[in-house]
Every structure is written in C-alpha cells, then in structure tokens.
Amino acid sequence: MDTTVKPQYNDGVVKYLAVGAITFLVLGTLMGTFAAAQLAWPALNFDIAEITFARLRVMHTNTVIFAFGGMTLMATAFYTVQRTNGVKLWSNGMAWVTAILFTIGLLLVVVTISLGMTTGKEYHEQEWPLAIAIALVWTLYTLNFVMTIASRNKETHPNVYVSNWFFLGMMIAITYLYVVNGLAIPVSLFRSYSLFGGVQDAMIQWWWGHNAVGFFLTAGFLGIMYYFVPKQAQRPIYSYRLSVIHFWALMFGYVWLGAHHLQYTALPDWTGSLGAVISLAMIIPSWGGALNGMLTLSGAWDRLRTDYILRFLIISLAFYAMATFEGPVMAAKTVNALSHYTDWTVGHVHSGALGWVAMVSIGALYHMVMKLWNTEMYSMKLINFHFWLATIGTVFYIVAMWVSGIMQGLMWRAYDEYGTLAYTFAESVAAMHPYYVMRTVGGLLFFSGAVVMLYNVIMTIRTANARQEAGVAANA
Amino acid sequence: MLEYFKTDWSAMTTSDWVGLIITVAVFFGMLITFWRALRPSKRKELEEEKYKILDDD
C-alpha cells in the first residue's frame, strides 16, 4: 500500500457533527442535572408544564442518547470509514443532508416532547411524523456508510477493518428495531397508537429498548473503541481475532436480552428466564472486548500518566466491563426482584451511559478535534481537569443510586411481625432525599466537565483558525 | 428431568417453529464463526489486519 499519498477526506461534515455532539453533551447533561435537582427539590418544577420532571427527563434522554450519542456515532463513523478504507465519503452532499436533517429532527423531538407529544414508549417517544423522518435520515447515513466501504480500492484495502463491522451492525440492527417498534396507527398529526397490544407491545418495546442499549449505545461505541484506542495509544489492538469473536457474539447474543426487563409480569416465565440466561452468557464476550481494549496498552501503561485522552478511553472500558457485569446480575430473577423499579436501575444505566458511552465518546472527540484541525488542544491541563470532573461525577452518581436503589428495594419488601408493610411508599421517598442530592452533585460535576470540554474545543478551533489565517497572510 | 424437558410438539405454533429454527441456526452460526476466527491457520492473516490502521492518516 502506498502510504505517501493520502486522499483528501471529506472532513467538513465530521467537524460539524463533532462540535454538534459536544454542544448537545452540554445541553443534555444540563437537562439531566436539572431533572435530578427537581427530584431532590420538587419546587424546581416551577409549575411550568414544559419543564416538569416527567417531560424534562425524556427531553434529557433523547438529547444525550440520540443527539449527543447519535451525532458522535455519525461523526466517528464518517471519520473512520474514510481512513480505514482509504477513500472519501461516497457522497459528501448526502452526508451534509444527513447531518443537518438529523440536527433539525432532534431539535423538533425535544420541542414536541416538551409540549407533551409522546408515544409513551421509552427511548421511542417521538410521534410518527418525526419517527418516520428519523428513520429516513438514518437510512441515508447507513447507505452512505455502506457505499463508502463498497467504493474502496479492493487491491490496497482488500479487507474491512473491524470497527466498520461494529458500526454497520449497529446501523442495520437499529433500523429494523426502530421501525418495528414504531409501527403504529396514526389518528392525528401528533397522536398514534401502537400496532401491538398488551404483553406483545411490552415485549416489542423492550426488544427495542434493550437493543437501543445493546446496539446504539454498545456496538456503535465499540466501533469507536476499536479505532480510537489503537490510534490514541499508537499500538495495534491486542487481538484482532478476539475482536471478531466479540463482534459476532454481540450480534448473535444481544437481540435475546429484552425480556429481562419484564421479569414477574404477564410475559411467559420462560421468556424472562431466557433473557436472563443469555444476559449472563453475554458477560463473556463483553469482558473479552473490554480486556481486548485495555490490553492494547500492555507494556505501555505509563502512557496513562501523560496522555489524558487515553485515560478517557481506557477508563471507559473499565466502566464498560463493570456495567456489562452488573446488568446480567440485575437480569437474574432473584436480584431483579429487589432491583427492578428502583434507583439501582437508574444507577446501572448511568454507569454505562456516563462511564462507558460518554467517556469513550469524549476521548474520541478530543482525538478527532486535534486531527481535524491539525493542531494540539488549547489546554491539556483542562482535559485532565475534565477527566477528573467526569470520573468523580460518575462515581458520585452511581454510588448514590446503588445505595438509594437497594434501600428502596429493601424498604418496599420489608414486613413487620403482623405481615403488613413496614414502610409506606412516602417514607421510602423521604429516605431517598440525601441520595438524590448526592446524585445532583454528581450530575453537576459531569455537566461542568462538559462545559470545560466545549470551552477547550472552541478555543482550540479558534487558535487553529487564527494560526491558519496568519499562515495564509504570511504567504501572500 | 425428562419431565422438565418434555415438549408437546403437536402444540407448536408457526411462531414457535420459526423461533426454534432461528435459535438453532444462530447456535450453529456462532459455532461456525468461532471456528473460522480461532483456527490456528487463520491467526497470522487475521492479526495482520490490526496494524493497517496505525498509519491511515
């Protein structure tokens, strides 16, 4: 392969998506922190319907998952597919249309949710016109990605690097899961009813819901990991064969897990057992993948002392390993009887969302910003500061939710000597207050880190642009 | 134990059969994939892939 001539990649759209993702990270974590504060101090609802907890919490999930997460996935997929295949995007114009429409669509999603327009389906709250629009935009994204791979020079790039497999698996799975779960009968422009009813609706919903986690928030971000960890560490991934096993085990295994969200419901008992068993089996490939990423640093662990971006990437893998152990344990029926409907679930989700998804994204975004603007970061010290804000914030959050969730579960199931409930529900709510305050502090720390990142990135871009303009002027 | 695993095959619906066939196909699909990725003769060829991204930009 000729390594001296590099193609000029289509990086404009990647720059737009990267800055957009960081902006949505700030907005999404602000909404989350404010929602957390509302639980600790309900007066913060201000009796304004559009920002009450019920709506704000869904605005937060849509902003962080689909706006921040989605734009990060688009930015990194468009960035890596060009470089790993040595070719420009198949259609730069289509990529821009995808990015702009995705941004507009997600802003409309947040606005309509704040106005109370919702399907009531978790992680699929968008009403049907927006759901159709998002599905079409997602198809454009997938088509461009596939065609870029297809247009590579097969002599110089005979094989497709494994990060592309994870991205493609995520795109295909999310397309059919999102469409099937969204099947509905519209009765007006912003009101529809699910095509499925009763327990079937619940099963379809969690088939989508858990796979939004398994494919959107795991497979896609593993694609990020398999490219950016080796690039930032400047070392090849520990084992390519393990990455292949990791990929296929995830693709075959994840689709079975949804039923573990419906233990002790009207769903047939065996379905929940199957979901729990496969969940426990998934610990093996998940830990294999996490170790594959971490062991990439074998013999070069000292890099973590000086490379703050690498710290984000590696600690994200530690959280990935922790969350993919905790999840299956919570899926087991005995543990689920205690944990379900409690704050433990919220803590588990955030150890994955903050610790894994956000941290690996942040590492990849810092890496891309330096490459895209061909410069060093404005301040490496601020990256280190951001790292500690994010890490301490995440730990505060999940520890608070562990304690609060287990306490809730124990209070709800406690009986006195007469066989009556030992605590009223209101007593359990009152007991949660200190932990809700602690969770808010954790969220505030994480949000502060996101603000520091946005400032650092803006200053980096401004400095790089000023240097470029000065260079042009000197040459003129 | 035999009683626990006893199946009334005549009661299987179309959905049951579709699910069963997909499950068995996935099981063998995983076996074949793992065998293809882990056979020693493929080791060198597969592991060479990991070096290609290090100088891609």
Side-chain angles (χ1 to χ4, degrees), chain A residues 1-4 6-7 9 11 79-87 156-165 200 226-231 233-253 255-256 271 274 278 281 285 292 296 367-368 370-372 374, chain B:
Chain A
M1 185 171 64
D2 183 358
T3 55
T4 57
K6 299 291 182 190
Y9 300 125
D11 283 340
Y79 179 89
T80 59
V81 75
Q82 298 183 79
R83 284 157 177 82
T84 53
N85 292 284
V87 66
T156 58
H157 294 77
N159 298 314
V160 178
Y161 184 68
V162 74
S163 63
N164 294 297
W165 302 16
Q200 283 86 1
Y226 275 114
Y227 181 85
F228 288 97
V229 167
K231 291 296 287 185
Q234 297 170 325
R235 302 168 70 84
I237 194 76
Y238 176 69
S239 166
Y240 195 82
R241 290 191 302 166
L242 188 53
S243 71
V244 173
I245 297 289
H246 187 196
F247 171 78
W248 285 111
L250 237 66
M251 293 298 127
F252 283 134
V255 286
W256 300 88
T271 325
L274 179 69
I278 306 287
N292 205 6
T296 297
H367 177 100
M368 282 198 303
M370 291 198 295
K371 295 282 185 184
L372 290 168
N374 194 27
Chain B
M1 192 61 101
L2 280 175
E3 182 62 26
Y4 184 81
F5 284 105
K6 187 181 167 195
T7 301
D8 181 2
W9 295 103
S10 62
M12 294 276 282
T13 63
T14 307
S15 299
D16 292 335
W17 279 111
V18 169
L20 178 65
I21 291 165
I22 291 173
T23 310
V24 174
V26 164
F27 174 74
F28 283 105
M30 284 188 76
L31 278 186
I32 293 166
T33 307
F34 287 6
W35 174 74
R36 285 174 63 87
L38 293 175
R39 60 193 155 153
S41 61
K42 272 288 228 186
R43 180 176 184 163
K44 190 165 180 288
E45 182 188 335
L46 278 173
E47 292 300 337
E48 276 176 0
E49 289 296 317
K50 67 185 181 186
Y51 297 98
K52 292 182 180 173
I53 65 159
L54 294 179
D55 65 343
D56 66 5
D57 58 359

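Keep in mind it's a predicted model, so treat the numbers as computed, not measured.
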Quiz item: Is there side-chain contact between A:Y226 and B:I53, with heavy atoms separated by less than 4.5 Å?
Solution: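 A:Y226 vs B:I53: side chains apart.
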Side chain from CB out, backbone as N, CA, C, O: work out which of these in [X] comes under 4.5 Å of a heavy atom of chain B, or both, or neither.
X: A:F252; result: both
X: A:T80; result: neither
X: A:F247; result: neither

Practice problem: For B:A37 and A:R241, work out which heavy atoms get closest and say how close. | Solution: O-CD, 3.2 Å
Practice problem: Work out which heavy atom in A:Y240 is nearest to a heavy atom in B:E47; give both atom names and the distance. | Solution: N-OE1, 2.9 Å
Quiz item: Can you tell me how far CG of B:D55 sits from CZ of A:R83, rounded to the nearest 0.5 angstrom?
Solution: 13.0 Å
Quiz prompt | Spacing of CE belonging to B:M30 relative to CE belonging to A:M251, to within rounding of 0.5 Å | solution =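 Reported to 0.5 Å precision, the distance equals 11.5 Å.
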Quiz prompt | Contact origin within B:R43 toward chain A - heavy atom pairs under 4.5 Å | solution =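 It is both, since atoms from each part get that close.
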Quiz item: Got more than 12 heavy atoms from elsewhere within 6.0 Å of CZ, B:F34?
Solution: yes
Quiz item: Most heavy-atom pairs under 4.5 angstrom with chain B, which of A:I237, A:I245, A:V162?
Solution: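 Heavy-atom pair counts peak at A:I245.
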Quiz item: Pick from A:N159, A:T84, A:V244: which one has the most heavy-atom pairs with chain B under 4.5 Å?
Solution: A:N159
